[in-house]
Amino acid sequence: MMRTGVYKRVSTSAQSRSGTSLETQELACRAAAEEAGYIVADEHIWRDASSGAER
């Protein structure tokens, strides 16, 4: 099986509440990867929860 990584990101708290939270993104990415014949190791999951407005 091939391996892949997941990068998940939210930049506003509204995204977290509207169904695009980091958790829902990870679940969707893992499902898509599995369907395509990939596995995602936990160490290949990256998250970013920051806002460009805060920088």
Side-chain angles (χ1 to χ4, degrees):
M1 229 181 200
M2 299 178 286
R3 297 192 299 173
T4 191
V6 170
Y7 172 76
K8 50 190 183 168
R9 181 177 191 279
V10 293
S11 59
T12 68
S13 57
Q15 284 180 297
S16 294
R17 294 186 304 270
S18 69
T20 54
S21 69
L22 294 173
E23 292 77 18
T24 58
Q25 288 179 44
E26 181 177 338
L27 291 172
C29 288
R30 283 184 179 271
E34 184 178 331
E35 185 176 315
Y38 290 87
I39 58 170
V40 180
D42 289 338
E43 64 268 17
H44 294 131
I45 297 175
W46 298 275
R47 71 179 284 180
D48 184 2
S50 62
S51 170
E54 296 172 359
R55 295 178 190 215

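Basis for what follows: all heavy atoms, side chains included, without hydrogens, waters or symmetry-related copies.
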* Start with the C-alpha distance between Q25 and V10, add both sets of side-chain angles, then the distance that settles side chain to side chain contact (heavy atoms under 4.5 Å, CB included), and finish with yes or no. => CA-CA 9 Å; Q25 288 179 44; V10 293; 3.4 Å; yes
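- The stretch residues 18-27 participates, sequence neighbours left out, in these salt bridge (Lys or Arg N to Asp or Glu O under 4.0 Å) pairs: K8-E26, E26-R30.
- Every residue two or more places apart in sequence or in another chain was checked for a side chain to side chain donor-acceptor pair (under 3.5 Å) with T4, and none qualifies.
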Exercise answer: donor-acceptor pairs, residues 34-41 side-chain atoms, under 3.5 Å, sequence neighbours excluded:
none

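- With sequence neighbours excluded, no residue satisfies side chain to side chain donor-acceptor pair (under 3.5 Å) with R47.
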